[in-house]
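In what follows, a single structure is set out as structure tokens and then discussed.
Computed over heavy atoms, backbone and side chain alike; hydrogens, waters and symmetry mates excluded. Bear in mind the structure is a predicted one, so any value in this text is a computation, not a measurement.
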Amino acid sequence: MPPTSPTRETAHTPDHRVTTVIDWFHREARDLPWREADRTPWGVLVSEVMLQQTPVVRVLPVWREWMERWPTPRDLAHATQADAVRAWGRLGYPRRAKRLWECALVLVERHNGHVPSSREDLLALPGIGDYTAGAVRAFAFGERDIVLDTNIRRVIGRAWRAEPLPAAHQTRAERELADSLVPASAPASVAWNAGSMELGALVCTARAPKCAECPLRHDCAWIAAGSPGLDDAPRRTQAWHGTDRQVRGRIMALLRESRGPLALDEHCALDDVDADQRHRALTGLVADGLITKAADGYSL
DNA sequence: AACCCGGGGCT
DNA sequence: AGCCCAGGGTT
């Protein structure tokens, strides 16, 4: 048996903070349907796309409806894009529904109706980026991978680097630190990925962290430094009222609820919207492939 | 690197 | 009323 060098020993001994998060997760994990033993890779993929920028409580009912209607990629591939966009409801960012539907078509055509498990194949799917590819590999297939969403970035930034909030863009150093923290064994890596994400979502939240209940409160570099910098950290304010995004959302809502085409260029429900902005929203939605325009009006 | 893209619930 | 949030694609 070869002697183990100190550096290798260090690299393979999990940081005790990682172990603490894993233990906490085994005690406190929420019961979510896409975490059940009977979950499918397709269900996990759908959940991850829905959870991009949308909180769990809003995703739950829509995910259940999708799984009931379209339990496999083949089922969704037999539906229309309009069906998918309607069933998306008010989750927001409806391009995700379109891409999920396109995803189902690709899975049928190129992967025999199954979700692939390699990073390369996953990244080639529409709407699947770096985060979602890692999440599907970890949570659907139990593979060891790096999953670096905003929650995990915040937990690592605070507990290991004493930083109040993650920077706008990932750095190489951050990526390497995150990589070094992922346990070597696949099951432990999955528990770390899910657990650090859960900790960030429930306890180590962005603006009002519940440090008193945190399993890392005695080991957190940020707390040890006096929890600096949170109040004066820049806020990402995003206007909403009167924006193009709001108008697009209103148009999508009108079309979801309409059975036939709508003459939206002169629709009374959009009377309060500036004509230029209305036109911009409509042409943008057509360009995005979310709606179509015909002689009798717009439809999904 | 910068920009665009929803929406609801909480404080 | 303001603030928060399980990203991805395009330019």
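- Here the side chain of R96(A) pairs a donor or acceptor atom with the backbone of V49(A) at under 3.5 angstrom.
- Between K98(A) and D288(A) there is no salt bridge, since no side-chain N of the basic residue sits under 4.0 Å from a carboxylate O of the acidic one.
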Would you tabulate the side-chain donor-acceptor contacts of residues 56-66 of chain A under 3.5 Å, counting partners in other chains and residues two or more places apart, or write 'none'?
| residue | atom | partner | partner atom | Å |
| --- | --- | --- | --- | --- |
| R58(A) | NH2 | R90(A) | O | 2.8 |
| W63(A) | NE1 | G43(A) | O | 2.9 |
| W66(A) | NE1 | A87(A) | O | 3.2 |

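- No engagement by R280(A) is indicated, since no non-hydrogen atom pair under 4.0 Å with the nucleic acid exists.
- A straight line from CZ of R207(A) to P of dC4(C) spans 4 Å, rounded to a whole angstrom.
- Straight-line distance between the P atoms of dT10(C) and dG6(B): roughly 15 Å, to the nearest whole Å.
- Within the structure, a side-chain polar atom (N or O) of R248(A) is placed less than 4.0 Å from OP1 or OP2 of dG6(B).
- Each of H169(A) and P94(A) was assigned the nucleotide of DNA chain B with the nearest heavy atom; the assignment lying further toward the 5' end belongs to H169(A).
- Between the side chain of R90(A) and the base of dG7(B) there is no donor-acceptor pair of N/O atoms closer than 3.5 Å.
- W34(A) comes within 4.0 angstrom of a base, heavy atoms only.
- Under a 3.5 Å cut-off, the side chain of W42(A) and the backbone N or O of W70(A) do form a donor-acceptor pair.
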Evaluation steps, salt bridge (Lys or Arg N to Asp or Glu O under 4.0 Å), between D265(A) and R278(A): CA-CA 8 Å; D265(A) 290 313; R278(A) 183 194 310 193; over 6 Å; no
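- Atom P of nucleotide dG7(B) and atom CD of Q246(A) are separated by 9 Å, given to the nearest angstrom.
- Distance, W88(A) CH2 to dG6(B) P: 12 Å, rounded to whole Å.
- Map G92(A) and V57(A) each onto its nearest nucleotide of DNA chain B; the residue landing nearer the 5' end is G92(A).
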So which protein N/O to nucleotides 8-11 of chain C N/O distances come out below 3.5 Å?
| residue | atom | partner | partner atom | Å |
| --- | --- | --- | --- | --- |
| dG8(C) | OP1 | G129(A) | N | 3.1 |
| dG8(C) | OP1 | T132(A) | N | 2.9 |
| dG8(C) | OP1 | T132(A) | OG1 | 2.4 |
| dG8(C) | OP2 | Y131(A) | N | 3.3 |
| dG9(C) | OP1 | G127(A) | N | 2.9 |

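- In summary, of the residues considered (V147(A), I22(A), I146(A), L181(A)), a side chain to side chain contact (heavy atoms under 4.5 Å, CB included) with N193(A) occurs for V147(A) alone.
- Within the 4.0 angstrom heavy-atom criterion, no nucleotide atom of any strand lies near L202(A).
- Rounding to whole angstrom units, CG of residue L285(A) and P of dC4(B) are separated by 16 Å.
- If you check every strand for non-hydrogen atoms under 4.0 Å, R153(A) touches nothing.
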